[in-house]
Amino acid sequence: MVEKQHQEQALHLLQSVFGYPSFRGQQAEIVAHVASGGDALVLMPTGGGKSLCYQIPALIRDGVGVVVSPLIALMQDQVDALAEVGVRAAFLNSTQSFEEVVRIERQVRNGELDLVYVAPERLLTSRCLDLLEASKIALFAIDEAHCVSQWGHDFRPEYIKLSVLHERFPSVPRIALTATADGQTRAEIAHRLQLDEALQFVSSFDRPNIRYQIVEKGNGRKQLLEFIENEHAGDAGIVYCLSRKKVEETAEFLNESGIAALAYHAGMDNELRSRNQARFLREDGIVMVATIAFGMGIDKPDVRFVAHLDLPKSIESYYQETGRAGRDGGPANAWMAYGLQDVVQQRRMIDESEAGEAYKRIQGSKLDAMLGLCETLSCRRVRLLDYFGQASEPCGNCDACLNPAVSFDATVPVQKLLSAIYRVEQRFGAGHVIDVLRGTESDKVKQWRHDQLSTFGIGAERSEAEWRAILRQAIALGLVTVDYDAYSALKLTEEARPVLRGEQSVQLRQYQKPVKQKRASAKPKGYAEGDLSAAEQALFDKLRWWRVETARKHNVPAYVIFHDSTMREIAKAKPASLDALRGVTGVGEKKLETYGEEIVALIEAMD
């Protein structure tokens, strides 16, 4: 009976405060469970509506909802977005003055807030814990909960100590949320946060609006530029690079090529980094070039592409990073350029890590899974979802489905490669081994008299790029490894023996020479333009202009005012009154009161 009552309250809040007509997926069940005092562990993809799963229960229950978030840089925007819909929210973090902190602590103690966002480091201080014990707490929400996992892709040591919440506040419900966690990480989250008895809600990991594409890396930056110019001119996007130097060089290259790009990495001046992040969130059409230090919890809904110029270290990382595209449900691209050097680089990072052998072994298996995704001959989405334990059918919306790879029996060329590595006594790197295979009489080949070997020239029919593709796949299959203590020398593994003996065949992806993309004659229709008439498009453009000006006045990102999807619906419906506008998705009572008359007047002026 109580849960039924909470379901009715939740739906009313969803419609009147947030402006959405109905819950999606498991949202209603999660909200009712937590509002009734239950603990929950929620896995929901980026853009799936995780925030509502704790925001609405916090509004239903007595007291303030405490949100533990590692994202200090984003707390202001999250609080601004809640203020726009009439929710009383604040944050406590290191950016505030002592006077501000005291004022917000007083509001928490007096029950004058619905939600307060707190960084885990601050939450764990005795001052903050004492404050919470002296206050009425509705719930604890632990966002980005995968940060608790030591095996995960974004470990934060302070997260492990959050079990203190269960110990000091045993009667307060807790909800832990993340967009990505395999079975092992899920179990670790539940154990470390003492959520073993919590209900687990695992949504589909599929993001059908994202098209996955992985290309053979030639000139990565040039390939990236062609991709942006041909498919995403004028769109907001994120480009991930492994090193700070590469981030800065790539951002400079894109700017010189006429694309508005900003850099973001941990080595930058704090003020500049924050300024760049604010510009990316608040302006349209900015490309952010960043290390993985950027992006966790980014709420920008209209990121149309995420590109990787370096191989992510795991499928979890890849899924988390690509998930920042298309949060609004519109079409988006996840593009990656990947080559032999990426494999070598990631293996070296694991081998040179000071971590224990168990950690290295797990990171190695995660990298193997990532390589498997890159080298798969079948649907990438099937492979990606299978990693998270979800069965699926070929999607028809990834490069492997749209342009199926050609596989071939590569047993003989792989035997030639393995033989060449063996004949040079497993003491030389990729370039030298390929020179021997192709019969290239380099100074080094002559110096070591490797032009006298039986394997010299036995692969002359294949190009250097083809041999690099074969070698990359042989490393991915575990037939060859790289010894970083011996100048990146290639070495054979035990798994190579049956292949060399002819006891095991090898199937590989056929190398395809990169094709220069033709510039599109017109920009492909995207999310905003897709199904609007000329008159509707004109109104949509006018609404976007109004939104930019309004956001500037309110000093918030444009999407905090309204998402593109809401404005598209307004452009199609052309509501002539406040009552008609009330029915539009994303227009709650507070936004109707704040902006309704302006929007209706703007629509009238267009007629």
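Nothing fancy with the numbering, it's 1 onward along the sequence. Predicted model, so just to flag it, every value in this text is computed and none were measured.
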- Rounded distance (nearest 0.5 Å) linking atom CG of D206 with atom OG of S204: 5.0 Å
- Query: Are the aromatic ring centres of Y264 and F280 under 6.0 angstrom apart?
  - Reply: no
- Note on the structure: For Y318, the ring-ring contact (aromatic ring centres under 6.0 Å, His included) test, sequence neighbours excluded, returns H308
- Listed by chain and number, what are the side chain to side chain contact (heavy atoms under 4.5 Å, CB included) partners of D143, not counting sequence neighbours? Y54, L177
- Task: Return the set of residues passing side-chain hydrogen bond (donor to acceptor under 3.5 Å, both in side chains) with R174 (not counting sequence neighbours), or none when no residue passes.
- Result: H166
- Query: Between N397 and R211, is any side-chain donor less than 3.5 angstrom from a side-chain acceptor?
  - Reply: yes
- Got a sec, which residues hit ring-ring contact (aromatic ring centres under 6.0 Å, His included) with Y212, two or more places apart in sequence or on another chain? none
- Only counting residues at least two apart or in another chain, list the ones meeting side-chain hydrogen bond (donor to acceptor under 3.5 Å, both in side chains) with E593. none
- Task: Provide the full list of side-chain hydrogen bond (donor to acceptor under 3.5 Å, both in side chains) pairs with a residue in residues 248-258, sequence neighbours left out, each pair given once.
- Result: K245-E249, E248-H265
- With rounding to the nearest 0.5 Å, note down the distance linking CD1 in I175 to CD1 in I30. 6.0 Å
- Item | Partner residues of R282 under the side-chain hydrogen bond (donor to acceptor under 3.5 Å, both in side chains) criterion, sequence neighbours left out | D77, N555
- Going by the side-chain hydrogen bond (donor to acceptor under 3.5 Å, both in side chains) test, which pairs reach into residues 14-28, not counting sequence neighbours? Q26-S203
- Message: With heavy-atom distances below 4.5 Å as the criterion, would you say the side chains of F91 and Q76 are in contact?
- Response: yes
- Message: Is a donor from one side chain sitting under 3.5 angstrom from an acceptor on the other, for R273 and N276?
- Response: no
- Task: State plainly whether the residues D302 and R304 are in salt-bridge range, i.e. N to O under 4.0 Å.
- Result: no
- Message: H554: which residues meet the ring-ring contact (aromatic ring centres under 6.0 Å, His included) condition with it, sequence neighbours left out?
- Response: Y595
- Does the pair R275/E271 count as a salt bridge with the N-to-O cut at 4.0 Å? yes
- Task: Could you tell me whether the side chains of N219 and Q223 share a donor-acceptor contact shorter than 3.5 Å?
- Result: no
- Any salt bridge (Lys or Arg N to Asp or Glu O under 4.0 Å) pairs touching residues 572-587, not counting sequence neighbours? D531-K572, D579-R582, R582-E589
Kindly list each side-chain donor-acceptor pair under 3.5 angstrom involving residues 61-69, sequence neighbours excluded, with atom names and distances?
| unit_1 | atom_1 | unit_2 | atom_2 | d |
| --- | --- | --- | --- | --- |
| R61 | NE | A138 | O | 2.7 |
| R61 | NH1 | A35 | O | 3.1 |
| S69 | OG | L71 | N | 3.2 |

- Message: Test of understanding: with side-chain hydrogen bond (donor to acceptor under 3.5 Å, both in side chains), list the residues that count as partners of Q107, not counting sequence neighbours.
- Response: none
- Could you tell me if the ring centre of Y319 sits under 6.0 Å from that of F388? yes
- Find out whether I570 and F540 are in side-chain contact, i.e. whether some heavy atom of one side chain is under 4.5 Å from a heavy atom of the other. no
